[in-house]
Amino acid sequence: QVPLVESGGGLVQAGDSLRLSCIGPGSSFSSVAVGWFRQPPGKEREFVAAFSRIGPSTYYADSVRGRFTISRDNAKNAVYLQMNNLKVEDTAVYYCAAHSGSGYYNVVGSYGNWGQGTQVTVAS
(Lines give C-alpha, C1' and ligand atoms only; values in the text may rest on other atoms or scores of the structure.)
Protein backbone atom coordinates (compact mmCIF):
# COMPACT_ATOMS: atom_id res chain seq x y z
CA GLN A 1 0.00 0.00 0.00
CA VAL A 2 1.14 3.50 -0.74
CA PRO A 3 0.92 5.39 2.56
CA LEU A 4 -1.09 8.53 2.95
CA VAL A 5 0.82 11.80 3.38
CA GLU A 6 -0.18 14.39 5.95
CA SER A 7 1.03 17.97 6.11
CA GLY A 8 0.10 21.29 7.66
CA GLY A 9 1.07 20.81 11.26
CA GLY A 10 3.02 23.35 13.25
CA LEU A 11 3.35 25.42 16.40
CA VAL A 12 0.50 27.85 17.05
CA GLN A 13 -1.01 29.82 19.91
CA ALA A 14 -4.24 28.89 21.63
CA GLY A 15 -7.15 30.28 19.64
CA ASP A 16 -5.33 30.05 16.30
CA SER A 17 -6.28 27.90 13.33
CA LEU A 18 -4.51 25.29 11.22
CA ARG A 19 -5.52 23.24 8.21
CA LEU A 20 -4.12 19.76 7.86
CA SER A 21 -3.98 18.02 4.50
CA CYS A 22 -3.98 14.33 3.71
CA ILE A 23 -3.09 13.23 0.20
CA GLY A 24 -4.09 9.78 -1.00
CA PRO A 25 -2.28 7.53 -3.48
CA GLY A 26 -4.58 7.96 -6.45
CA SER A 27 -8.06 8.38 -7.81
CA SER A 28 -9.27 5.37 -5.83
CA PHE A 29 -8.77 7.44 -2.68
CA SER A 30 -12.04 9.19 -3.41
CA SER A 31 -13.92 5.91 -3.00
CA VAL A 32 -12.85 5.19 0.57
CA ALA A 33 -13.85 6.67 3.88
CA VAL A 34 -11.06 8.62 5.56
CA GLY A 35 -10.49 9.42 9.18
CA TRP A 36 -8.30 11.74 11.22
CA PHE A 37 -6.86 10.53 14.50
CA ARG A 38 -4.43 12.08 16.95
CA GLN A 39 -2.03 10.84 19.56
CA PRO A 40 -1.28 13.23 22.41
CA PRO A 41 2.05 12.81 24.21
CA GLY A 42 1.99 9.71 26.38
CA LYS A 43 -1.57 8.78 25.40
CA GLU A 44 -3.37 6.39 23.11
CA ARG A 45 -4.30 7.30 19.56
CA GLU A 46 -7.82 8.74 19.51
CA PHE A 47 -10.47 9.49 16.94
CA VAL A 48 -10.91 13.06 15.74
CA ALA A 49 -13.11 13.06 12.63
CA ALA A 50 -14.15 10.94 9.68
CA PHE A 51 -15.63 11.46 6.23
CA SER A 52 -17.69 8.51 5.13
CA ARG A 53 -17.71 7.01 1.66
CA ILE A 54 -21.47 6.78 1.38
CA GLY A 55 -23.67 9.83 1.84
CA PRO A 56 -21.29 11.29 2.44
CA SER A 57 -21.51 11.94 6.14
CA THR A 58 -19.09 13.40 8.63
CA TYR A 59 -18.37 12.30 12.18
CA TYR A 60 -16.57 14.12 14.98
CA ALA A 61 -15.27 13.45 18.43
CA ASP A 62 -17.14 15.43 21.07
CA SER A 63 -13.94 17.25 21.99
CA VAL A 64 -13.59 18.84 18.54
CA ARG A 65 -17.17 19.14 17.31
CA GLY A 66 -17.93 22.75 16.39
CA ARG A 67 -14.22 23.64 16.12
CA PHE A 68 -12.89 21.18 13.53
CA THR A 69 -14.23 20.50 10.06
CA ILE A 70 -13.33 17.58 7.82
CA SER A 71 -13.70 17.94 4.07
CA ARG A 72 -12.39 16.36 0.91
CA ASP A 73 -11.46 17.34 -2.61
CA ASN A 74 -11.65 14.26 -4.80
CA ALA A 75 -10.07 16.05 -7.75
CA LYS A 76 -6.92 16.44 -5.65
CA ASN A 77 -7.15 13.08 -3.85
CA ALA A 78 -7.15 15.10 -0.65
CA VAL A 79 -8.91 15.19 2.68
CA TYR A 80 -8.56 18.21 4.94
CA LEU A 81 -9.00 18.93 8.61
CA GLN A 82 -9.69 22.58 9.35
CA MET A 83 -8.96 23.23 13.01
CA ASN A 84 -10.21 26.46 14.54
CA ASN A 85 -10.00 27.85 18.05
CA LEU A 86 -7.19 25.45 18.89
CA LYS A 87 -6.62 24.55 22.52
CA VAL A 88 -3.53 23.39 24.37
CA GLU A 89 -5.17 19.98 24.74
CA ASP A 90 -5.28 19.63 20.94
CA THR A 91 -1.50 19.17 20.99
CA ALA A 92 -0.77 15.81 19.37
CA VAL A 93 0.57 14.03 16.34
CA TYR A 94 -2.26 13.95 13.83
CA TYR A 95 -2.72 11.03 11.46
CA CYS A 96 -5.03 10.40 8.55
CA ALA A 97 -6.03 6.91 7.59
CA ALA A 98 -8.10 5.09 5.00
CA HIS A 99 -11.01 3.06 6.32
CA SER A 100 -10.75 -0.64 5.62
CA GLY A 101 -14.40 -0.94 4.64
CA SER A 102 -15.73 -2.48 7.83
CA GLY A 103 -15.97 -1.37 11.42
CA TYR A 104 -16.89 1.81 13.16
CA TYR A 105 -15.40 5.07 11.91
CA ASN A 106 -14.14 6.05 15.34
CA VAL A 107 -12.12 2.88 15.93
CA VAL A 108 -8.40 2.74 15.13
CA GLY A 109 -8.64 -0.89 14.08
CA SER A 110 -11.12 -0.04 11.32
CA TYR A 111 -8.38 1.67 9.32
CA GLY A 112 -5.72 -0.02 7.25
CA ASN A 113 -3.54 2.57 5.58
CA TRP A 114 -2.00 5.30 7.70
CA GLY A 115 0.12 8.34 7.08
CA GLN A 116 3.30 9.17 8.98
CA GLY A 117 1.64 11.88 11.04
CA THR A 118 2.09 15.62 11.42
CA GLN A 119 2.83 17.36 14.71
CA VAL A 120 0.45 20.01 16.02
CA THR A 121 1.59 21.95 19.05
CA VAL A 122 -0.66 24.53 20.67
CA ALA A 123 0.98 26.91 23.13
CA SER A 124 -0.92 28.78 25.80
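We use all heavy atoms of the structure for the numbers below, so side chains are in, but hydrogens, waters and symmetry mates are not. Being a predicted model, the structure only gives us computed values, none of them experimental.
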Short side-chain to backbone donor-acceptor contact, Y105 and H99, under 3.5 Å: no
S17 vs Q82 side-chain heavy atoms within contact, under 4.5 Å: yes
Any side-chain heavy-atom pair of F68 and L81 under 4.5 Å: yes
Close aromatic pair by centroid cut-off 6.0 Å: F47 and F37: yes
Close side-chain approach of I23 to L4, heavy-atom, < 4.5 Å: no
Between E89 and T91: side-chain donor-acceptor atoms closer than 3.5 Å: no
Check: Y94/R38 side-chain N/O donor and acceptor closer than 3.5 Å: yes
Donor-acceptor pair, side chain of S52 and main chain of S57, under 3.5 angstrom: yes
Donor-acceptor contact below 3.5 Å, side chain S100 vs main chain S110: yes
Rounded distance (nearest 0.5 Å) linking atom CD1 of I70 with atom OH of Y80: 12.0 Å
R45 side chain vs Q39 backbone, donor-acceptor pair below 3.5 Å: no
Approximate separation, where rounding is to 0.5 Å, of D90 CG and M83 CE: 7.0 Å
